[in-house]
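Keep in mind that what you see is a predicted model, and the values were worked out from it rather than measured. Chain identifiers are assigned alphabetically (A, B, ...) following the order of the sequence lines, protein sequences preceding nucleic acid strands; residue numbering begins at 1 within each chain.
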Amino acid sequence: MQVISTRVRAALLATTIVFGPTAVFAQQAAAPVKGGQIKVAIFAEPTTLMPLSQDINVQIIAAQLYPSLLKFDGKITPKPYLAKAWRVSDDGLTYEFDLVETAKWSDGKAITSADVRFSFEEMILKYQPAGKSNFGVIESIDDSKPGTVVFKLKRSYAPFLSLLNSLYAPIVPKHVYEGTDPMKNENSLTAAVTGGPFKVKEWVKGDHLTVVRNPDAFDTPNLDEMTFRFISDASARMLALKTGAIDYLPPSAMPYSSLAMLEGDENIKLQPIGDEAAAKVLTIGFNLRRAPFDNVKVRQAISHAINNEFIAEAVSFKHEKAAVGPLNSKSWAWDASLKGYNFDPELAKKMLDEAGLPVKADGFRFAMTVNTRPSVAVFHKANEIVVQNLRAIGINASLRPLESAPYTASTYIESDFDVSSVAWISAFDANNLAPLYACENIRPAPYSNFMGYCNKQVDELFAKGAAESDQAKRKAVYVEMQQRIIDDAPAIWPMNWSDWSASRTRVQGLPAGPWDGRDPMDDLWVEAK
Amino acid sequence: MADISRVADPLAMSKGEEPMQTVPHWREAWVHFRHSRIAVLALGVLLLLGFAALLAPWLAPYSPTEVSVMDVLQSPNALHWWGTDDLGRDVYSGALYGLRISMAVGLMAGLVAAILGTIIGALAGFLGGWVDALLMRITDFILTIPVLFLALVLIPVFGSSRLIVIFVIGGLAWPSIARLVRAEFLKLRSEAFVEAARGYGARRFKLIFSEILPNTFDLVLVSTALQVPAAILIEAGLSFLGVGDPEPRSLGLMLKDAYGLLGLAWWSAVFPGLVLSALAISLNLVADAFNDAVRGHE
Amino acid sequence: MSTVPRIVGTRLLQAVPLLIATVVVNFAIIHLAPGDPVTMMVGEGAVSADQMEALRESLGLNNPLHIQFLDYLTSVLQGDLGTSYVYHQPVSEIIASRIPATLLLMGSTYLLSTFLGLLFGIVAALRPSSLQDRVLMTIAILGYSVPTFWLGFIALMIFAVELGWLPISGMVESGLEPGSWEYWKSVLHHLVLPVAVLSLFYTGLIARLMRTSMLNSLRGDFIVTARAMGLSNWRIVLRHAVPNAITPIVTVLGLQIGLMLSGAVLTETVFGWPGLGVLTVQAVAQRDYPLLLGMFLLTSVMVIIANVLTDLVYLAINPRLRSNG
């Protein structure tokens with residue numbers, strides 16, 4: 001016991017001395033070191049190793065195991081990956097990618113354009129939930145030359161390149177998956193045949209999964225080995241990072257409370273993720289099918305009753321500001337001129353009185369429930385404050401705790417709720433608000449317009465914005481659209497929500513893309529101890 | 001932690017018949033109880049906690065759920081004796097109200113167990129024969145069920161209402177009570193005054209209610225007292241695992257929330273945990289001493 | 001002796017309807033659960049109603065409940081517990097992969113707390129109402145009154161975070177060759193805190209039981225006679241009083257095996273121990289019905305086996321029962 005304790009302390013001391021804040025600066029310019037290993041904490045065991053899974057912990061690991069055509073930095077600039085070069089035709093309809101000639105699957109077969117075509121046509125478009133909306137624009141894929149894959153698009157589609165990342169478009173081996181159910185395919189559990197920078201070394205159920213450098217890969221990572229430890233408790237993860245048992249916490253493993261606790265620790269580097277593209281807004285939507293939430297006056301009154309500043313501050317431990325409207329203020333389409341709802345409980349009470357909802361004999365105007373997911377800290381804490389704010393204006397509000405499956409069912413499928421919260425990412429484009437606010441997306445399916453909000457004018461503005469190519473004009477359209485949505489108050493937007501990762505300072509070259517750490521970590525390296 | 005109810009009384013668990021001492025009068029029991037200084041101290045703590053829970057609305061300086069912008073994550077100070085949590089809620093006020101819930105859950109689960117245990121024990125002891133054999137077999141089996149484990153699966157199925165928590169815990173805590181009641185019935189059934197009553201043609205259930213049951217009251221009480229702290233800890237454990245009822249906030253739930261904050265706000269985990277521990281410890285000590293005193297064990 | 005096989009047989013026979021009843025109850029309970037597993041499986045991605053229907057069909061969720069039950073019963077009898085909705089792997093394999101961790105945690109705790117509990121119980125009972133008795137028994141009550149999850153976390157903060165003596169979470173340092181000396185050293189290192197915290201609880205329980213039983217035993221006619229015969233005090237205690245006192249609590253110790261699952265759930269959660277407890281908590285949150293059914297069945301089997309074994313051990317050490325059945 002004593003021996004170990006001394007060793008741990010010595011290690012901690014060494015880290016402090018060598019990699020103190022000033023030392024980091026000096027070392028950052030240094031060339032990446034080959035070799036070494038890191039330990040990453042993820043919040044749950046991956047449910048499979050199928051890269052098309054919707055499990056974020058699977059996606060983090062799968063990005064290391066399977067290639068994609070391109071990879072990206074924090075500004076979503078495309079970089080060569082499986083595709084060493086690419087050409088886009090002037091009309092924006094043809095994309096040609098030259099694959100790395102030496103690229104091989106781990107069973108020795110070459111990675112060819114046939115694998116790419118198969119991955120898009122038979123896997124991504126069929127099994128990736130976002131596949132159709134991301135890649136429905138593809139007209140055809142030509143794999144006649146093994147080393148070159150050619151995409152023909154139905155229309156010019158600016159975000160196309162940015163979608164060819166390992167999260168949305170992983171490339172899987174055709175000869176393994178052809179004609180099988182991908183979820184039941186043996187390879188989805190073992191990832192025996194892979195082609196990415198790493199391959200699986202061991203998977204100790206319930207504890208950790210280790211990947212090692214794939215010697216046959218087209219892309220050689222800096223690290224020898226990465227271990228993903230499954231630690232479900234946020235505090236335990238944070239403490240593990242603090243003590244050096246873990247080197248990196250991807251954003252999905254980093255709640256705001258951990259951020260607050262790690263601040264000021266000179267051995268820890270905190271890094272916001274993906275900036276604009278990953279910026280979310282905490283969206284607490286009303287069920288517009290239900291009285292009294294079908295009445296816009298009631299929704300506006302409630303919007304005045306919610307203390308957004310407080311929610312943003314308390315939930316994020318002062319790292320976020322209150323949002324104004326459905327878009328994160330980091331978005332290019334957001335504008336400071338947008339007018340939201342100030343916190344004014346007295347006004348809210350007056351508006352509810354006028355809406356015919358006076359305080360009754362029992363001391364309340366009406367009763368309502370707030371759907372909440374206790375396991376998602378941001379939702380739950382925000383909802384606890386919302387309930388208090390509602391009770392303060394005489395609404396008998398109570399929390400309705402639901403776990404993942406029943407939560408999704410009640411919110412999206414059965415529409416059985418009064419208010420329910422979602423985290424909405426408007427990545428890349430304001431047009432990504434359409435699934436949540438456009439009339440046509442009112443349907444019983446996950447990630448749809450669960451509120452039942454429909455305003456034809458807003459729909460028209462969505463269409464107008466999508467067709468406009470001049471950025472300044474687009475912004476004007478979207479600002480108008482946002483203001484209309486705000487005025488209709490189908491939801492309350494208490495907080496801008498962004499993600500952070502945390503790492504020991506000796507870890508360099510962390511993924512900075514907008515996909516919450518679900519990028520290849522081939523450029524990652526560690527300073528020698 | 002969940003299953004101390006199972007074994008707090010070894011004699012209730014062993015398969016032989018319980019050696020039954022005559023039940024002393026309450027005053028004698030109290031004299032006996034007073035002998036143990038630690039038990040008297042525990043009784044004092046328990047009464048204090050009981051009063052605190054009862055008078056929570058008057059004792060608590062703040063509302064237990066009221067969030068406050070200005071007071072987020074304050075360490076203990078003159079205004080917030082036990083500090084505040086990440087939403088600015090007063091930990092001291094929260095613990096007082098949480099104490100109320102813990103006590104209510106414990107007592108109600110105890111009540112459910114006492115009623116079930118008395119009915120089942122009485123039926124088995126009075127009717128005897130195959131009814132007795134069957135009921136005792138079921139009793140034995142239920143004694144071996146891991147309550148927290150079962151509740152963990154049952155409660156999300158039936159919804160995380162606190163009433164269901166009470167019924168699940170109480171519904172599995174009756175066996176040791178049933179065993180005691182049954183043994184008492186077996187003994188009293190043969191005693192003279194019952195024989196006499198039977199001689200006058202008294203009806204069977206009247207016999208149960210008017211003659212035998214009152215005599216088992218003391219035993220049911222002490223045996224139930226041993227179940228209460230266990231029930232409280234199970235409820236806290238369930239809340240901690242996230243399957244409890246979030247409203248009103250219980251001590252277990254405060255601890256669950258506090259775990260996410262331990263590096264930021266130790267006070268939010270330490271104080272509610274101390275209150276919960278103090279409650280369980282004093283209840284166990286008192287129930288134990290009480291049990292010794294009434295049943296005449298050393 | 002001839003009655004022993006008969007008793008064993010009866011006990012085993014009684015276990016069969018119990019097992020079947022458990023399967024029925026488990027199935028019924030879990031199918032009352034709210035939350036549609038298909039919705040859970042597709043996660044938060046956009047999936048068409050057709051795709052969901054196809055998934056539902058492929059899982060047999062559209063069949064009438066009694067067909068689903070018959071299917072389930074048939075597979076269970078064949079040792080097939082179905083496929084987890086979440087992990088897409090056979091339930092039996094998932095459960096089997098977690099058993100060693102829980103067994104290690106529970107086994108170590110069981111041995112340690114039985115040894116210490118018996119020891120403390122005996123020491124306390126030797127001089128009732130003395131200082132040592134009162135101190136030991138108060139500590140015992142403290143042990144099983146303090147919530148283990150809370151104590152666990154406080155212990156983590158002190159020994160793992162502040163002092164850095166012990167690891168924070170998990171069962172073994174990664175990258176070590178399984179079975180190597182370093183590997184087991186690391187496991188032992190990770191085992192210290194969870195076993196210490198959980199043992200405090202069970203040691204307290206067992207010490208109290210042993211003390212009561214020991215007191216009864218010391219009061220027995222047999223001991224009084226032995227004393228009168230002038231046998232030495234230690235001889236009486238070790239040869240006669242202790243064995244007599246252990247007999248009645250063997251039942252309790254045996255039954256603890258099943259009950260320890262409850263303690264394991266909380267302890268595993270706090271210490272990130274990769275066992276059945278953590279698996280169950282996750283399965284509950286994810287409404288992984290097949291996995292939950294499997295865990296239920298395993299628990300029931302464990303409880304029933306513990307019952308039967310306890311009866312047998314009780315028979316073995318209690319010659320009185322053996323002779324008259």
Greatest number of heavy atom pairs closer than 4.5 Å to chain B - which of C:L200, C:V281, C:T299, C:L151: C:T299
Just so I understand: if I count every heavy-atom pair under 4.5 Å between each of B:L279, B:L255, B:L283 and chain C, which residue has the most? B:L255
Student check: side-chain heavy atoms of [X] and [Y] closer than 4.5 Å:
{"X": "B:K256", "Y": "C:F149", "answer": "no"}
{"X": "B:D288", "Y": "C:R208", "answer": "yes"}
{"X": "C:V270", "Y": "B:F240", "answer": "yes"}
{"X": "B:S277", "Y": "C:S145", "answer": "no"}

Where on C:I154 is there a heavy atom nearer than 4.5 Å to chain B: the side chain, the backbone, both, or neither? side chain
Please look at C:T267 and chain B and tell me whether the side chain, the backbone, both or neither of the residue comes under 4.5 angstrom of a heavy atom of that chain. neither
Hey, could you give me the [atom1]/[atom2] distance between [X] and [Y], rounded to the nearest 0.5 Å?
{"X": "C:T269", "Y": "B:L241", "atom1": "OG1", "atom2": "CG", "result": "5.0 Å"}
{"X": "C:L266", "Y": "B:L148", "atom1": "CG", "atom2": "CG", "result": "5.0 Å"}
{"X": "C:L276", "Y": "B:F149", "atom1": "CG", "atom2": "CZ", "result": "7.0 Å"}

Segment of B:I38 engaging chain C (4.5 angstrom heavy-atom cut-off): side chain
Could you tell me which residues satisfy side-chain hydrogen bond (donor to acceptor under 3.5 Å, both in side chains) with C:N244, sequence neighbours excluded, listed by chain and number? none
Excluding sequence neighbours, so at least two apart, what forms side-chain hydrogen bond (donor to acceptor under 3.5 Å, both in side chains) with C:T102? C:E268
Minimal non-hydrogen separation, C:I141 against B:I281, with atom names: CG2-O, 4.2 Å
Give me the one residue out of B:L233, B:L274, B:L276 that meets side chain to side chain contact (heavy atoms under 4.5 Å, CB included) with C:W150. B:L274
